[in-house]
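To start, the structure under review is shown below, and the notes come after it.
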Amino acid sequence: MILSDAQARQTIDTVLALASADQVRVNLGGGRRANTRFALNSVTTCGDTADLTVAVTACYGRRHATATTRQTDRESLQAVVERAEALARVAPEDSEHMPELGPQDYLDTDPWRESTAAATPTRRAEAALEAVQAAEAHDLTS
Amino acid sequence: MNDLAEVALNAARSGGADYADIRISRHRDQRISAREERVQSVSDTESYGFGVRVLADGTWGFAASHEVTPDTIAAVADRALAVARANRAAQRRPVELVHVDACRDTWRTSAETDPFEVPLGEKTDLLLAVNAAALAVDGAQFCTSSMHFQKEEKYFASTDGSAIDQTVIRTAPTFTVTATDPATGKFENRTADIHPRGLGYEFVEQCDLVALAPRMAEQAVEKLAAPSVEPGPCDLILHPTNLWLTMHESLGHPTELDRVVGLEANFAGTSFLTLDKLGSFRYGSPLVNFKADRTLPGGLATCGYDDDGCPTTEWHLVKDGVLVDYQTIREQVLWPEYREARAAAGLPEVGHSYACSYADSWGSFPFQRQANIHLEPGAEPLSLDDLIAGTDRGIYIVGNASFSIDQQRRNFQFSGQVFYKIEGGKLAGMLNDVAYQAQTPAFWNACDAICDQRFWELGGTLYCGKGQPGQAAKMSHGAAPARFRQIHVLNTRREV
């Protein structure tokens with residue numbers, strides 16, 4: 001699942017508001033992954049998967065633990081926060097644990113590539129077919 | 001679940017799919033690790049979502065999402081259909097599925113104690129106790145220990161009329177002790193011979209990790225002073241904790257039918273066990289019988305039904321030393337080359353899948369993965385002590401370590417955790433730096449003794465990699481200690 005900045009911010013803010021641990025880290029990851037696999041000059045497996053992971057790390061002093069969920073509704077976010085905090089409370093102290101850094105300024109990045117986004121199932125199949133036909137033209141398999 | 005599944009199946013039907021299935025699954029994964037006197041990490045992840053697979057005009061389409069709502073399910077089913085239609089142009093061999101009876105069933109793991117219900121503190125206390133017990137041994141400087149638990153709750157429904165609800169639990173405790181010699185800077189590791197199981201927390205308790213830790217630590221220390229092996233041909237006795245990986249690589253992967261026909265070549269290649277060898281190729285000595293089995297209680301690949309919705313089963317891959325079958329999934333059973341090979345070998349049509357389909361996530365396409373594969377125990381009473389006593393000169397190898405294998409799984413080498421010299425039918429001290437190297441058929445044909453059922457045990461892995469994109473499957477491999485005559489032994493430390 002590809003989120004806008006505002007959607008991502010909303011999810012993160014919801015988690016932070018629900019949390020009560022001394023320190024909390026939220027990692028939001030996900031996207032859309034698609035693939036077309038071919039072998040012996042023929043398509044085999046394929047996929048088009050939307051995914052999202054919310055990872056919550058809760059810390060109490062030097063005790064910390066992480067829990068994740070794939071759902072972003074309030075109930076699921078509440079549950080993952082509770083799970084991370086419950087685990088962190090009973091986790092033994094980690095003498096090597098480092099506290100969070102505090103607010104940081106990060107460089108803007110622009111990882112979006114339109115050509116990747118445009119790799120539809122049809123475009124991927126065409127690319128596979130190009131390779132297959134080139135192989136077949138030389139009596140080879142691809 | 002049934003209502004959600006029907007949304008996908010109806011969307012696929014109305015879109016013109018010839019077949020469709022949906023897997024709605026929740027995957028829990030908990031990992032805890034400790035190093036010396038501290039807990040290093042605790043993570044508890046949950047992944048919930050669904051994947052829809054459709055077959056349209058002989059071509060697969062697959063799409064998946066973490067948003068388990070009726071609207072998203074309908075949209076994802078449409079997307080799967082679009083993928084199938086797009087791929088049709090690049091499909092040379094239309095997919096044809098062998099019949100499977102519609103089934104409505106619930107299957108539950110044989111695990112007794114759900115590890116996710118065991119308090120975290122109990123687990124961390126145990127890991128720290130393991131580390132302390134190991135580090136109490138003179139010369140043991142480091143110990144890392146961990147527990148890993150998996151729980152898969154999977155609902156499968158198909159346009160065949162099947163609706164199957166399954167729960168699988170897997171448990172993997174382990175630890176590694178490191179001993180060092182400050183004078184030489186040399187170090188040695190000893191990883192406990194504990195392999196994951198399709199069991200619950202009771203498996204952790206059965207392993208008695210704290211009692212095992214000092215023994216592993218003592219062996220790590222002993223390895224520091226163990227003499228390096230003299231390379232050359234040698235009789236080997238391989239413990240199941242070593243042999244399972246050799247079986248996995250040299251028999252498990254080469255009997256995957258997709259590798260046999262060349263549809264899979266990554267992750268160490270295709271297979272030398274080509275279809276012309278079916279029914280006649282002498283893979284091993286007459287003592288060697290390999291059975292695949294996804295029904296064995298406690299096995300990592302054990303379940304009631306595979307991800308094609310086919311009931312799991314057991315069957316021989318090698319019988320009396322001869323290759324007699326392969327591992328299959330539903331779309332492979334009707335492949336003409338497989339049927340022709342069976343006919344040429346005088347073997348009857350199978351007519352059903354061996355149920356080897358598996359996807360490691362709701363977002364992954366299900367495809368052929370290894371079953372649990374076992375070397376059957378010897379028919380005659382034979383203990384490990386008797387086997388050693390009957391060996392004049394040789395090496396006894398316990399535990400698994402690094403290995404390599406060629407692109408057809410014909411040539412390999414495997415190392416181990418600890419090695420003992422055998423002289424005059426007795427263990428005569430530890431050796432070090434041992435690996436064995438062989439051609440697969442020569443190795444298995446050199447097998448002249450296998451211990452009986454009393455000494456049979458399971459090894460296995462949670463991380464068998466295969467596929468593009470890569471997926472991790474889980475499977476167990478059982479064996480009893482076995483002897484192999486005159487196998488070439490390498491010295492892994494020697495510089496060439």
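Letters A, B, ... mirror the listed sequences (proteins, then strands); counts begin at 1.
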In terms of heavy-atom proximity below 4.5 Å to chain A, should [X] be classed as side chain, backbone, both, or neither?
{"X": "B:Q30", "result": "side chain"}
{"X": "B:R26", "result": "neither"}
{"X": "B:T59", "result": "side chain"}
{"X": "B:T124", "result": "side chain"}
{"X": "B:R31", "result": "neither"}

Return the minimal non-hydrogen interatomic distance between [X] and [Y], and the atom names on each side.
{"X": "B:N87", "Y": "A:P121", "answer": "OD1-O, 4.4 Å"}
{"X": "B:G262", "Y": "A:L40", "answer": "O-CG, 3.6 Å"}
{"X": "B:R93", "Y": "A:S42", "answer": "N-OG, 3.6 Å"}
{"X": "A:H64", "Y": "B:V42", "answer": "O-CB, 4.5 Å"}
{"X": "B:A86", "Y": "A:A125", "answer": "O-CB, 3.2 Å"}

Open item on the list: Surrounding CZ of B:R88 (heavy atoms of other residues, nucleotides or ligands, distance under 6.0 Å), is the total greater than 12?
Closed with: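 Enclosed: over 12 neighbouring heavy atoms sit under 6.0 Å from CZ of B:R88.
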- [ ] For atom CZ of B:F116, decide whether the heavy atoms of other residues, nucleotides or ligands shown that lie under 6.0 angstrom number more than 12.
- [x]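 Result for CZ/B:F116: enclosed.
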Under a 4.5 Å cutoff for heavy-atom pairs, which residue among [options] has the most contacts with chain A?
{"options": "B:W60, B:F367, B:F62", "result": "B:F62"}
{"options": "B:G49, B:S41, B:A89", "result": "B:A89"}
{"options": "B:G121, B:P469, B:A82", "result": "B:P469"}
{"options": "B:V261, B:L263, B:D29", "result": "B:L263"}

Task: N/O donor-acceptor pair under 3.5 Å between B:E67 side chain and A:Q71 backbone - done: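 It does not hold such a pair.
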Open item on the list: Checking the side chain of A:T68 only, and the main-chain atoms of B:E46 only, is there a donor and an acceptor separated by less than 3.5 Å?
Closed with: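 Flag set: sc A:T68 to bb B:E46 pair under 3.5 Å.
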Open item on the list: Are the side chains of A:R37 and B:E264 in contact, using a 4.5 Å heavy-atom criterion?
Closed with: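 They are in side-chain contact.
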- [ ] Could you tell me whether B:R38 and A:E96 make a salt bridge, using a distance below 4.0 angstrom between a side-chain N and a carboxylate O?
- [x]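 Yes, this pair counts.
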TODO: Between chain B and each of A:T53, A:T69, A:L87, count heavy-atom pairs under 4.5 Å; write down the option with the most.
DONE: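 Option with the top pair count is A:L87.
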Task: Choice from A:T72, A:T57, A:N41, A:T44 maximising heavy atom contacts with chain B below 4.5 Å - done: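 The candidate making the most pairs under 4.5 Å is A:N41.
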Just list the side-chain donor-acceptor pairs under 3.5 Å for residues 126-141 of chain A, sequence neighbours left out, or say none.
| unit_1 | atom_1 | unit_2 | atom_2 | d |
| --- | --- | --- | --- | --- |
| A:E136 | OE1 | B:R92 | NH2 | 3.1 |
| A:E136 | OE2 | B:R92 | NE | 2.9 |
| A:E136 | OE2 | B:R92 | NH2 | 3.4 |
| A:H138 | ND1 | A:A134 | O | 3.1 |

Open item on the list: Working to the nearest 0.5 angstrom, can you tell me the gap between B:S361 OG and A:D51 CG?
Closed with: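 CG of A:D51 is found 7.0 Å from OG of B:S361.
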Open item on the list: Let me confirm one number: the CZ-CD distance from A:F38 to B:Q91, rounded to the nearest 0.5 Å.
Closed with: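 If I round to the nearest 0.5 Å, the distance is 13.0 Å.
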Open item on the list: If I measure from the heavy atoms of chain B, does A:T36 come under 4.5 Å with its side chain, its backbone, both, or neither?
Closed with: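 The side chain, not the backbone.
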Task: side-chain contact (heavy atoms from CB on, under 4.5 Å) between B:D44 and A:R83, intermediate numbers included - done: CA-CA 8 Å; B:D44 190 316; A:R83 198 148 43 92; 2.8 Å; yes
- [ ] Please lay out, stage by stage, how B:W362 and A:T49 fare under the test side-chain contact (heavy atoms from CB on, under 4.5 Å).
- [x] CA-CA 9 Å; B:W362 49 265; A:T49 299; 3.8 Å; yes
Using atom types as modelled, flag every donor-acceptor pair under 3.5 Å from a side chain in residues 27-35 of chain A to any protein atom, sequence neighbours excluded.
| unit_1 | atom_1 | unit_2 | atom_2 | d |
| --- | --- | --- | --- | --- |
| A:R32 | NE | A:D48 | OD1 | 2.7 |
| A:R32 | NH2 | A:D48 | OD1 | 3.3 |
| A:R32 | NH2 | A:D48 | OD2 | 3.0 |

